[in-house]
Amino acid sequence: MRAAVIHRFGGPEEFEIVDDFPNPTAGEGEVVVQVADAGVNPLDHKIRDGSSGMAAQLRDEDFPLVLGRECAGTVHEVGPGVSEFAPGDRVFGMAPLDHKGHCYAEYVSLPQSALAHSPDGVDDVALAGLSLVGLTAWVAVQDLAHVGPEDVVLVHGGGGGVGFMAVQLAREAGATVYATASARNAERLRQVGATPVDYTSEDFTQVTPRPSVIIDCVYLGTYEPSMDHLAEGGRLVLLPSLADIGPAKERGIDVSIPRIAPDRERLDALGAALADGRLTLTIAEVLPLAEVAEAHRIVEAGHTPGKIVLDVAGG
Ligand SMILES: NC(=O)c1ccc[n+]([C@@H]2O[C@H](COP(=O)([O-])OP(=O)(O)OC[C@H]3O[C@@H](n4cnc5c(N)ncnc54)[C@H](OP(=O)(O)O)[C@@H]3O)[C@@H](O)[C@H]2O)c1
């Protein structure tokens, strides 16, 4: 099958498009998905360059390696014990943490628990970019920060993939929401009920009230002032998996980092919310699979206004 592979850790130039990568098979409880589109996430470039904790678990025999943690497409084949999906079903989902990914390819084998049926009326591009940011924001806003109507929430990086989802889920929970972002994201944030703060010209510690919750999707440059600004007894959620929670712990702050896993019920709920317009996912750009290196350069630059998606079927 056609796939984007890397032979070693390194820069975006390491990608090679091959046409003879072995097709996956559906093992017990697994579903082979014919991938239409695959989402690109910061985690992907952190695995590609070897800096992610997940990269440390990879062995020589895992190369050539196909990256990509999430996708949307059609069921191609189901393995023994799969009862909820059949060939031809439209599905979307994300690879579990102990799975090596493989979504930047024509076919991927995923556990059935990592997939949900695609809702009618939502295209594969949007669904390909929904799972990882949607589930992460859900864990951050609900499971870790327990956001409710009484909260004032500040989201750093509100224009990004996770941040924009976190803003919307916090608004849905009834909270008052502020979000740091550059000016080009301001209108989008206002439309979902947040007050944007342009971090390029404003100091968030001066223009927002002391929040009871900070969801920090940026970390570098925002962590220290966030600890100072957070209200007494507040909750701080740091997004980067390798963030150092030590300094916040030392100050007695309730601090945590999301650790996400695919969750069928939540994927169904996210898909339904996208279908009926309660949730908006901004697609910044769709690039053909052949331009995977460029997709990584864009995401790595750190200012993507929404999601970058790879067109695998057509590209
Ligand atoms: N723990 C987990 O399970 C988990 C899961 C998913 C993601 N993550 C991590 O979460 C982080 C964000 O991921 P993402 O997918 O949301 O990334 P993304 O889509 O690339 O978004 C990053 C956003 O940050 C904004 N930004 C950059 N510098 C900023 C600053 N100083 N202040 C405010 N905003 C700033 C950029 O917007 P502007 O254009 O406005 O600058 C951009 O929209 C990454 O580190 C990722 O690895 C962790």
Side-chain angles (χ1 to χ4, degrees), residues 39-49 51-55 67-70 94-98 101 128-141 143-145 154-169 178-190 194-205 207-208 214-226 229 236-245 255-263 266 281-285 295-309:
V40 181
N41 291 284
L43 177 60
D44 300 358
H45 70 71
K46 294 175 191 179
I47 296 177
R48 190 210 67 225
D49 70 15
S51 64
S52 160
M54 286 173 74
L67 301 175
R69 313 288 317 162
E70 61 177 352
M94 65 166 282
L97 286 181
D98 59 356
L130 177 65
S131 303
L132 203 133
V133 294
L135 292 173
T136 304
W138 193 316
V139 170
V141 170
D143 301 353
L144 299 176
L154 172 63
V155 177
H156 287 306
V162 177
F164 196 56
M165 283 287 146
V167 162
Q168 294 177 78
L169 295 182
Y178 295 83
T180 60
S182 58
R184 63 181 170 156
N185 293 312
E187 191 44 39
R188 209 155 55 87
L189 286 162
R190 266 191 215 100
T195 303
V197 175
D198 182 353
Y199 71 88
T200 66
S201 60
E202 293 175 298
D203 176 351
F204 71 85
T205 66
V207 299
T208 63
I214 297 182
I215 297 179
D216 189 353
C217 305
V218 177
Y219 183 65
L220 288 176
T222 51
Y223 183 24
E224 282 288 330
S226 290
H229 193 47
L236 175 60
V237 181
L238 304 173
L239 264 297
S241 307
L242 297 180
D244 179 9
I245 58 171
V255 60
S256 51
I257 300 173
R259 198 177 151 75
I260 60 158
D263 176 321
R266 289 183 174 186
L281 183 89
T282 310
I283 303 296
E285 207 168 331
H296 269 230
R297 285 186 193 100
I298 295 170
V299 173
E300 212 164 346
H303 298 282
T304 322
K307 293 284 309 180
I308 299 292
V309 170

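Each ligand, and each atom within it, is numbered from 1 in the order the structure gives. These numbers come from the heavy atoms of this one structure, side chains and all, not from hydrogens, waters or symmetry mates.
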Would you please say whether a donor-acceptor pair under 3.5 Å links the side chains of His156 and Ser226? yes
Tell me the protein heavy atom at minimum distance from atom 39 (O) of ligand 1, and give that distance in Å. Arg184 NH2, 3.1 Å
Taking only heavy atoms of Ser241 into account, list the atoms of ligand 1 that are under 4.0 Å away from them. 1 (N)
Please check whether Gly160 reaches ligand 1 - meaning an N/O of the residue sits under 3.5 Å from an N/O of the ligand, judged on distance alone. yes
Note: ligand 1 atoms sitting under 4.0 Å from heavy atoms of Lys46 are 44 (C), 45 (O), 46 (C), 47 (O)
Output the list of atoms in ligand 1 that are nearer than 4.0 Å to some heavy atom of Asn185, sorted by atom number. 37 (O), 38 (P), 39 (O), 40 (O)
Number the atoms of ligand 1 from 1 as they appear, then name those within less than 4.0 Å of a heavy atom of Gly161, with their elements. 16 (O), 18 (P), 19 (O), 21 (O)
Pairs of nitrogen or oxygen atoms closer than 3.5 Å, one from Pro42 and one from ligand 1: do any exist? no
Which protein heavy atom lies closest to atom 38 (P) of ligand 1, and at what distance to 0.1 Å? Ser182 OG, 3.3 Å
Considering both backbone and side-chain atoms of Ala181, is one of its nitrogen or oxygen atoms within less than 3.5 Å of a nitrogen or oxygen in ligand 1? no
State the atoms of ligand 1, each with its element, that fall below the 4.0 Å cut-off from a heavy-atom position in Cys217. 11 (C), 12 (C)
Please write down residue, atom name and distance for the protein heavy atom closest to atom 41 (O) of ligand 1. Tyr199 OH, 2.4 Å
Which of the atoms in ligand 1, numbered in the order shown and given with their element, are less than 4.0 Å from a heavy-atom of Thr136? 4 (C), 5 (C), 6 (C)
Numbered atoms of ligand 1 (with element) below 4.0 Å of Gly159, judged on heavy atoms: 43 (O)
